[in-house]
Amino acid sequence: MQATHQLTPDSIGVLIADFLKSFLPTSRPIVLVDPTVGTANLLLTLDHFLQKAGFSNLEFWGIDNDDTLLAIASMSVQLQQTQIELYHQDAIDPWITPKADIIVADLPVGYYPLDEKTKNFTSRSVKGHSFVHHLLIEQSLLQLKPNGLGIFLVPKFIFQTAEAKALLKVIQSFAHFQGLLNLPADLFASKEAQKSLLILQKKGPIAKQAVPVLIGEFPIIKDHAKLENFVEQVKSWQHKNLFY
């Protein structure tokens with residue numbers, strides 16, 4: 001199975017949902033978009049846990065350029081009797097979804113082959129193909145509402161490449177770099193496959209730069225006591241630094 005066809009594990013969705021529960025006001029309408037929705041497992045996990053937590057005014061939108069994955073997503077959405085609007089398009093193009101309060105994405109990692117379409121992206125590579133995960137982060141920041149939050153699953157070593165300088169320039173222009181949390185090592189088969197949660201907040205009248213930036217690593221999933229303690233520390237940081 002291709003890496004881009006694999007499900008985002010429920011455990012990661014639960015961690016993100018728990019993070020969003022502490023960030024979002026339950027009373028406001030919320031638009032949540034996943035530009036790399038795939039089979040929609042991440043969005044469905046978020047929908048389940050946020051609805052259970054009392055969020056009743058949520059709109060979910062998913063985008064993907066793979067019609068086979070979208071067909072599976074559509075069947076899964078119907079079987080689970082929930083509501084997610086799914087669109088077949090290249091997420092590098094301007095989105096046809098509404099502006100988002102929250103963007104979540106398990107980003108594909110690799111090169112984007114259509115260089116002509118990346119000319120207006122600051123995060124594009126000067127030579128050769130550009131990293132698709134860099135381009136999708138930039139496009140997402142353009143689609144977020146002011147103060148909105150982007151949570152991206154990215155390669156653990158995303159900022160250790162030569163192309164990272166251009167990505168950081170984009171982030172500094174549009175958003176506050178709020179956090180980078182390494183996901184539990186036991187979720188991945190190798191060090192090379194490990195991912196992190198990149199937390200970006202679109203600049204706006206309410207958003208402010210977190211001090212300190214949230215940097216850390218989740219304990220292994222099996223160590224429930226350490227994991228629970230770590231999550232509580234993250235929530236404490238949230239209440240002091242993230243406002244919406």
Side-chain angles (χ1 to χ4, degrees), residues 8-34 42-60 99-107 137 140-141 143-154 156 158-159 168 171-185 187 195-244:
T8 304
D10 290 352
S11 53
I12 293 177
V14 172
L15 290 174
I16 295 175
D18 199 56
F19 190 92
L20 292 177
K21 281 194 298 184
S22 301
F23 176 73
L24 295 172
T26 55
S27 57
R28 283 172 54 179
I30 299 295
V31 174
L32 198 151
V33 180
D34 183 347
L42 177 56
L43 273 193
L44 286 164
T45 303
L46 295 179
D47 182 31
H48 174 77
F49 280 92
L50 291 177
Q51 296 278 6
K52 194 174 179 181
F55 292 87
S56 57
N57 203 349
L58 301 170
E59 287 184 31
F60 288 89
K99 291 288 186 180
D101 299 280
I102 304 293
I103 292 175
V104 295
D106 185 352
L107 296 175
I137 290 171
S140 296
L141 290 176
Q143 301 294 332
L144 271 174
K145 296 178 184 178
N147 311 305
L149 200 68
I151 302 180
F152 307 97
L153 271 74
V154 298
K156 184 176 179 180
I158 186 171
F159 294 112
L168 284 169
I171 292 172
Q172 291 166 358
S173 297
F174 293 104
H176 298 297
F177 190 129
Q178 306 291 46
L180 186 67
L181 291 173
N182 296 330
L183 289 166
L187 289 178
K195 289 193 174 186
S196 301
L197 287 181
L198 174 62
I199 304 164
L200 305 176
Q201 188 170 19
K202 184 77 171 278
K203 290 181 178 178
I206 300 174
K208 67 174 186 176
Q209 178 60 56
V211 181
V213 172
L214 182 65
I215 302 292
E217 183 161 352
F218 282 95
I220 61 173
I221 291 290
K222 294 177 182 177
D223 193 333
H224 299 294
K226 284 187 178 179
L227 183 61
E228 186 176 341
N229 181 58
F230 184 82
V231 169
E232 288 305 314
Q233 291 181 54
V234 170
K235 287 181 180 178
S236 176
W237 173 88
Q238 278 185 267
H239 291 312
K240 296 174 183 175
N241 292 282
L242 295 188
F243 304 96
Y244 191 55

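- Residues forming a side chain to side chain contact (heavy atoms under 4.5 Å, CB included) with Leu187 (at least two apart in sequence, or on another chain): Ser11, Ile12, Pro184, Ile221.
- Between the CD atom in Gln238 and the CZ atom in Phe243 there is a gap of 11.0 Å [rounded to 0.5 Å].
- The side-chain heavy atoms of Gln143 and Ile103, taken from C-beta on, include a pair separated by under 4.5 Å.
- Between the CZ atom in Phe19 and the CD1 atom in Ile199 there is a gap of 4.0 Å [rounded to 0.5 Å].
- Side-chain contact between Val234 and Asp18 is absent, with no heavy atoms from C-beta onward closer than 4.5 Å.
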Please tabulate, one pair per line, all N/O donor-acceptor pairs under 3.5 Å involving side-chain atoms of residues 43-58, not counting sequence neighbours.
{"unit_1": "Thr45", "atom_1": "OG1", "unit_2": "Asn41", "atom_2": "O", "d": "2.8"}
{"unit_1": "Asp47", "atom_1": "OD1", "unit_2": "Gln51", "atom_2": "NE2", "d": "3.2"}
{"unit_1": "Asp47", "atom_1": "OD2", "unit_2": "Thr82", "atom_2": "OG1", "d": "2.2"}

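- Between Asp10 atom CG and Leu42 atom CG the span is 9.5 Å, to the nearest 0.5 Å.
- Within the 4.5 Å cutoff, the side chain of Ile16 has heavy atoms near those of the Leu153 side chain.
- Atom CD1 in Ile151 sits 11.5 Å away from atom CG in Asp34 (nearest 0.5 Å).
- Nearest heavy-atom pair across Tyr244 and Pro146 is CE1-O, 4.0 Å.
- Rounding to the nearest 0.5 angstrom, the gap separating the CG atom in Asn147 from the CD1 atom in Ile206 is 4.5 Å.
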Please report the C-alpha distance between Phe152 and Ile158 in whole Å, then the side-chain angles of each, then the deciding distance to 0.1 Å, and finally whether the side-chain contact (heavy atoms from CB on, under 4.5 Å) criterion is met. CA-CA 11 Å; Phe152 307 97; Ile158 186 171; over 6 Å; no

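- Of all heavy-atom pairs spanning Ala210 and Trp237, the tightest one is CB-CZ2, 3.4 Å.
- Contact of the Asp101 side chain with the Glu59 side chain is not registered, since no non-hydrogen atoms from C-beta on lie closer than 4.5 Å.
- Annotation: side chain of Leu214 is not in contact with side chain of Asn241 (no heavy-atom distance under 4.5 Å).
- The CD1 atom of Ile215 sits 7.5 Å away from atom CG of Leu181, with the distance rounded to the nearest 0.5 Å.
- Residue pairs meeting the side-chain hydrogen bond (donor to acceptor under 3.5 Å, both in side chains) criterion with at least one member in residues 197-224, sequence neighbours excluded: Gln178-Gln201, Gln178-Gln209.
- Side-chain contact between Leu200 and Leu144: absent, with no pair of heavy atoms (C-beta onward) separated by less than 4.5 Å.
- Here the closest non-hydrogen pair linking Phe218 and Val231 is CE2-CG2, 4.4 Å.
- Considering every non-hydrogen atom in both Lys195 and Leu107, the closest pair reads NZ-O, 3.5 Å.
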